[in-house]
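The structure appears right after this line, and notes come after that.
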Amino acid sequence: MYSRQELRKKAQDAIGKPGTLGPDINLEDFDKSDLPHPYLSDQELMSLPKAEQERLIMSGLDLTEKERGGTFFQKDSRVIHCKSKQEGIEVIPIKQALEKYDWIKDYYWKLVSVETDKYTATAELNLQDGYVIRALPGVKSIYPVQASLYIDKNGHQQIVHNIIIAEEDSELHIITGCATSPHLKKGAHIGISEFFVKKNAKLSFTMIHNWAEDMIVRPRSVAQVEEGGLFLNNYICMKAVKSLQMYPTTHLVGDNSIARFYSIIVGAPDSEYDIGGRVFLKKPGTRAEIIARTISNGGNIIARGHLIGEVPGVKAHLECKGLILNGGRIHAIPELEGHAEGVEMSHEAAVGKIAQEEIMYLMSRGLTEDEAVSTIVQGFLSLDIPDLPPQLKAEIDKAIEASDKDMM
Amino acid sequence: MLYIEDLEVELEGKRILRHIDLEIKPGETHVLFGPNGSGKTSLLMTIMGYPQFKVVGGKILFKGQDITNMPINERASLGIGMSYQRPPTINGLKTRQMVKICSKNKEEDEDKTVELAKRVNFVDFLDRDVNAGFSGGEIKRSELLQLMAQNADLMLFDEPESGVDLENITLVGNSIAELLEKQIRPENEKSIIRQKQARSKMGLIITHTGYILDYIIADKGQVLYDGVLSCTTNPREILNCIGQMGYKECVRCIVDKN
């Protein structure tokens, strides 16, 4: 473990380093100063302005917390609500964890390198907060924990670092929604996430993004899955954004560990999305699956996927399907890399339009042309995601349904 | 009633149906024979309203309305339904949802869907994507299920028996007979004649093999040869004639007719 000084030193050296992918961003264009929002009680959480509540609900946050195992809520730079409702599931603001707990040192910047680019560097130098969510050994999440990273102030730059740990034999489900206030136009979100899935643990992480037209989004995520572990990562983004670039990486370091990535992206005009997933299969019996469904809807989408099989006896599949609807561009870049005999890796990529035959078929069952198109689009976006708790499936379905109204 | 008068149809600039006159009265089912490429499917697609089949002459009336230029979905709403031979797969759309779309009632209770599915032995497929990986026979049962839910008045069947195995042919045959109200139920409280009078469903069935006639007493047979309806008579007679002499005999009939 580096000391914080060493980390800061490395960060300072990397602060001018552009990212390898996506347009370079001048972070000085955004204000990262602390905004002292007060902490909210349960009561106050429920009495947020209606428009704000709607934005939060859309990104999967349940303000009643009825079917949630805990809540983390950060507004701009401040954590305004944080609690766990289940014993053995910890939800802690990262700044507090860094001050109070020694064990956090074993996780902080252990998977993501602080010197990756200017975004990781600023996350060390200008850390605002973020969450640590941990399921203790053997603990099974009853309801998903919800985390919301909300940007309220126009022009604000939110900088967070999250650490998620599923200890041995535990099961942890998280839904995280990132959203901006209804009046916000411009902002930046920089988020570091490090996922640790230990032996025979199961972690599902469902992320729903609702950004604004002039938002810059630069997440940097790395996961590590140990023997027999499962990491399920779902990403849903249906809203406009100026530029979103992320390429989360997963290392399957234990025998028979599994990673599954599902992404649903619906573009918007003048929005740029450069998204993907990369999985290193490092041990025998590991499995990986990356599945993406993208609809351009006037936006510019680059959908990447990269599978690296390092040893024999691994199995991985990449599926990238795009639909050009209402203009825009989809660029699918699937990559397979086998480093040993006996790897089994495949990919399927397709970019196309809605088949007229399907529209007519549905019209002959009584739907109007618009209804038929909408039905086909909903079908295209609906993925059967195994191992996903019903509450999270419901949130994804809700997001897809809402996007439909924007597209038509 | 379906009333087609002097219909001329083009597909991609090529004339594919000529001078078609056809009348199907309420309660009647007609069987359409014809060699491959004679225009049988085109006729069904034209009646259903597929816009690539361009009507360049004549008209189609249904229930007294001129539907010649009516969009597909409006024809469906008016009571025309079709069972396709090779319908497209719709990924992500469950058969269960499709049945609800057909029944026009999205809130309809699950029991009704399951009950309909049971009748065509299709319950296990309700949570599969529409037509995804279905065998020939499964497609036919799926199409029948959709037609049952749609409750159309005029049903167009494109080779409903093709690809159906022996085990399911009876099921398919009887289901079509039931949809077209061609089953006679002796235990019914109405006399046979009253049952017949009460029939209102209309059917037009394309068949190559005629197997379907083992289950349905069709009222009329039609032969479509090279875009022209060459004869209209008893369907069994047509089947026998084609069986003995093949479709080449139709050429002679067309010549003599003109």
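All values below come from the heavy atoms of this structure, side chains included, with hydrogens, waters and symmetry mates left out. In what follows, every chain begins at residue 1, and chains take the letters A, B, ... in the order their sequences are listed.
The neighbour count for B/Asp66 CG, taken as heavy atoms of other residues, nucleotides or ligands under 6.0 Å away, is above 12. Heavy-atom neighbours of B/Lys54 NZ from other residues, nucleotides or ligands within 6.0 Å: at or below the threshold of 12. Residue B/Arg15 qualifies as enclosed at atom CZ: its count of foreign heavy atoms under 6.0 Å is above 12. No more than 12 heavy atoms of other residues, nucleotides or ligands sit less than 6.0 Å from atom NZ of A/Lys315. Few gaps surround NZ on B/Lys63; more than 12 heavy atoms of other groups in view lie less than 6.0 Å from it.
Annotation: the span from B/Met98 atom CE to A/Leu362 atom CG amounts to 4.5 Å, rounded to 0.5 Å. Taking CG of A/Asp384 as the start and CG of B/Asp129 as the end, the distance is 7.0 Å to the nearest 0.5 Å. Taken to the nearest 0.5 Å, the CD1 atom of B/Ile101 stands 9.0 Å off from the CD atom of A/Glu371.
Contact annotation for residues 354-361 of chain A against chain B (heavy-atom separation below 4.5 Å, listed by residue number): A/Glu357, A/Glu358, A/Met360, A/Tyr361. At a heavy-atom separation below 4.5 angstrom, chain A is approached by B/Pro88, B/Thr89, B/Ile90, B/Asn91, B/Gly92, B/Leu93, B/Lys94 within residues 88-96 of chain B.
Counting all heavy atoms, side chain and backbone alike, A/Ser364 lies closest to B/Ala76 at O-CB, 3.5 Å.
With a 4.5 Å cut-off on non-hydrogen atoms, B/Asn131 touches chain A through its side chain but not through its backbone.
Exactly one of A/Glu369, A/Met363, A/Arg365 qualifies for a side chain to side chain contact (heavy atoms under 4.5 Å, CB included) with B/Ile72. That residue is A/Met363.
A donor-acceptor pair is defined here as one N or O able to donate and one able to accept, closer than 3.5 Å; no such pair exists between the side chain of B/Arg75 and the backbone of A/Gly366.
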